[in-house]
Colleague: 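I'd like to ask you about the structure that follows.
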Amino acid sequence: CIIQKSIAHFSTGMHPMWQGPLVAPGGNRQSPIDIRVRKSVFDPHLKPLTPDYDPGTCSQIWNNGYSFLVEYDDTTDKSILKGGPLEDNFRLCQFHFHWGESNAWGSEHTVDRRLFPAELHMVHWNSNKYRRFEEAVMEENGLAVIGVFLKIGKRHEGLQKLVDALPAVRHKDSVVEFTRFDPACLLPANIDDYWTYAGSLTTPPLTEAVTWIIMKQHIEVSHDQLAVFRSLLFTSAEEEVQKSMVNNFRVQQPLRGRTVRSSFT
Ligand SMILES: NS(=O)(=O)c1ccc(C(=O)N[C@@H](c2ccccc2)c2cnnn2CC(=O)NCCCS)cc1
Ligand SMILES: [Zn+2]
């Protein structure tokens with residue numbers, strides 16, 4: 001999902017644009033949200049998630065001035081997500097993270113108000129119904145995003161290859177080739193236990209196109225690995241004032257009567 005750089009440029013003027021409009025105009029399914037565990041409803045019809053990713057489709061890392069995106073070639077159905085709450089085939093186009101300046105906060109979603117130091121988003125679009133990402137992102141059932149919470153603990157061996165590449169994309173709009181990375185290594189051991197709800201992109205255009213699938217089990221990364229995320233910059237090499245890329249998360253949004261379903265009791 002190599003998104004035309006122009007979109008990223010167009011939207012940079014509105015720093016800190018993440019906070020963006022607090023709620024999209026007329027939005028009643030905005031993200032992120034606080035997941036109230038006792039209010040979630042067990043749905044026995046939810047199937048296990050069946051991601052099937054081909055590391056060969058990994059292409060590059062791009063610092064787009066809000067996060068760093070690891071992008072995948074999504075011109076074929078080589079890296080797809082099926083099952084869970086999804087009726088169709090969803091193609092992986094990119095993954096990225098949100099994190100804080102300290103380990104005390106950084107995630108976008110919370111579980112019973114509990115914050116995590118960071119959150120991984122794996123972004124997929126509905127390739128049964130749409131021909132490309134840009135179409136799907138405007139449609140109600142266009143996207144599926146897997147959210148995984150990160151906790152500080154032991155070093156994540158699979159993540160290290162990505163961490164080592166980050167200094168090459170320190171500044172906004174920098175891109176570096178990045179291949180043969182298997183995104184499945186970032187998923188927790190148990191992907192059968194998740195919450196799912198209808199929501200939106202958490203950065204502009206905030207479109208209400210996302211089926212969110214939030215993993216109950218977190219992954220662990222080391223303090224030093226997360227510190228490298230914080231060494232990235234929101235700003236481009238030309239700008240004289242450099243701003244650390246931290247706290248790139250959106251404030252929580254009202255549930256507006258939505259039900260959060262769980263795949264587990
Ligand atoms: N945080 S999240 O998982 O909810 C999330 C997932 C995907 C996108 C996204 O793909 N947005 C791009 C887009 C391009 C075309 C139409 C609409 C949206 C865009 C807009 N300006 N830059 N981009 C590039 C981009 O990928 N931004 C994601 C930032 C990391 S949160 C945004 C948020
Ligand atoms: Zn995100």
Side-chain angles (χ1 to χ4, degrees), residues 8 11-12 14-23 30-37 61-70 94-123 145-156 158-160 162-167 169-172 174 183 186-188 195 199-204 206 210 212-236 239 241-254:
S11 57
T12 45
M14 300 134 60
H15 253 302
M17 42 139 350
W18 333 67
Q19 300 313 332
L22 277 177
V23 181
Q30 289 291 294
S31 294
I33 61 168
D34 174 44
I35 295 168
R36 308 292 313 165
V37 175
I61 306 176
W62 169 34
N63 176 336
N64 73 350
Y66 326 129
S67 183
F68 64 91
L69 311 179
V70 178
Q94 52 109 328
F95 70 78
H96 61 271
F97 299 81
H98 302 263
W99 59 91
E101 66 193 290
S102 95
N103 292 334
W105 65 83
S107 62
E108 296 211 300
H109 291 87
T110 49
V111 180
D112 287 341
R113 291 277 165 229
R114 177 181 175 193
L115 285 157
F116 293 83
E119 183 173 334
L120 159 65
H121 289 160
M122 299 175 75
V123 183
V145 182
I146 295 178
V148 182
F149 295 117
L150 276 62
K151 270 185 74 177
I152 303 297
K154 61 184 188 314
R155 192 176 121 110
H156 192 296
L159 184 71
Q160 196 52 38
L162 175 50
V163 166
D164 290 338
L166 293 183
V169 288
R170 194 150 184 264
H171 289 99
K172 181 167 86 56
S174 47
L186 297 177
L187 292 171
W195 294 281
S200 73
L201 295 183
T202 65
T203 58
L206 303 170
V210 183
W212 280 96
I213 300 166
I214 308 290
M215 291 293 142
K216 177 186 175 199
Q217 191 176 57
H218 61 268
I219 59 170
E220 278 191 19
V221 302
S222 70
H223 175 90
D224 291 354
Q225 288 179 312
L226 197 54
V228 178
F229 285 21
R230 301 188 183 107
S231 72
L232 296 178
L233 300 169
F234 280 130
T235 44
S236 57
E239 295 174 64
V241 180
Q242 302 291 334
K243 296 189 193 93
S244 294
M245 185 180 273
V246 293
N247 301 328
N248 52 1
F249 51 84
R250 189 190 191 195
V251 294
Q252 304 208 321
Q253 301 298 309

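No hydrogens, no waters, no symmetry mates; every other heavy atom, side chains included, goes into these values.
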Colleague: Which atom pair, heavy atoms only, marks the closest approach of R250 to P32?
Modeller: O-CG, 3.6 Å
Colleague: Measure the CD-OG1 distance between Q252 and T202 for me, rounded to the nearest 0.5 Å.
Modeller: 11.5 Å
Colleague: Has E119 got a side-chain atom pairing as donor or acceptor with H109's backbone, closer than 3.5 angstrom?
Modeller: yes
Colleague: How close do L233 and M245 get, counting heavy atoms only, and between which atoms?
Modeller: O-CE, 3.6 Å
Colleague: Do the side chain of E220 and the main chain of K154 share a donor and acceptor less than 3.5 angstrom apart?
Modeller: yes
Colleague: So, F149 versus W195, ring centres under 6.0 angstrom or not?
Modeller: no
Colleague: Within the 4.5 Å heavy-atom criterion, are H156 and L186 side-chain neighbours or not?
Modeller: yes
Colleague: How long is the gap from OG1 on T203 to CG on N64, to the nearest 0.5 Å?
Modeller: 8.0 Å
Colleague: Is any side-chain heavy atom of V221 less than 4.5 Å from a side-chain heavy atom of F97?
Modeller: no
Colleague: Sub-3.5 Å donor-acceptor pair from the side chain of R155 to the main-chain atoms of Q225, do we have one?
Modeller: no
Colleague: Please assess N248 against F234 for the test side chain to side chain contact (heavy atoms under 4.5 Å, CB included), listing each intermediate value before the final yes or no.
Modeller: CA-CA 9 Å; N248 52 1; F234 280 130; 4.2 Å; yes
Colleague: Establish, yes or no, whether a centroid distance under 6.0 Å links the rings of W62 and H96.
Modeller: no
Colleague: Holding to side chain to side chain donor-acceptor pair (under 3.5 Å), I want the full list of residues that pass it with D224, two or more places apart in sequence or in another chain.
Modeller: none
Colleague: Is F68 close to L162 at the side-chain level, that is, under 4.5 Å between some pair of heavy atoms?
Modeller: yes
Colleague: Where do F229 and W99 come nearest, in terms of heavy atoms and distance?
Modeller: O-CZ2, 3.4 Å
Colleague: Are V148 and P188 close enough that some pair of their side-chain heavy atoms sits under 4.5 Å apart?
Modeller: yes
Colleague: Testing the basics here: between P167 and V163, what is the closest heavy-atom pair and its distance to 0.1 Å?
Modeller: CD-O, 3.5 Å
Colleague: Side-chain contact test, heavy atoms from C-beta onward, threshold under 4.5 Å: evaluate it for K151 versus F116 and give yes or no.
Modeller: yes
Colleague: Between the side chains of D34 and T110, does any donor sit under 3.5 Å from an acceptor?
Modeller: yes
Colleague: Is there a side-chain contact between P117 and L226 in this structure, where contact means two heavy atoms from C-beta onward sitting under 4.5 Å apart?
Modeller: yes
Colleague: Checking the side chain of N63 only, and the main-chain atoms of H171 only, is there a donor and an acceptor separated by less than 3.5 Å?
Modeller: yes
Colleague: I'd like to check R36 versus R113 (side-chain heavy atoms, cut-off strictly below 4.5 Å). Are they in contact?
Modeller: yes
Colleague: Are the side chains of K172 and T235 in touch, meaning some heavy atoms are under 4.5 Å apart?
Modeller: no
Colleague: For L232 and L166, which heavy atoms make the closest approach, and how far apart are they?
Modeller: CD2-O, 3.5 Å
Colleague: Please report the shortest heavy-atom distance between S31 and W212, naming the atom on each side.
Modeller: OG-NE1, 3.0 Å
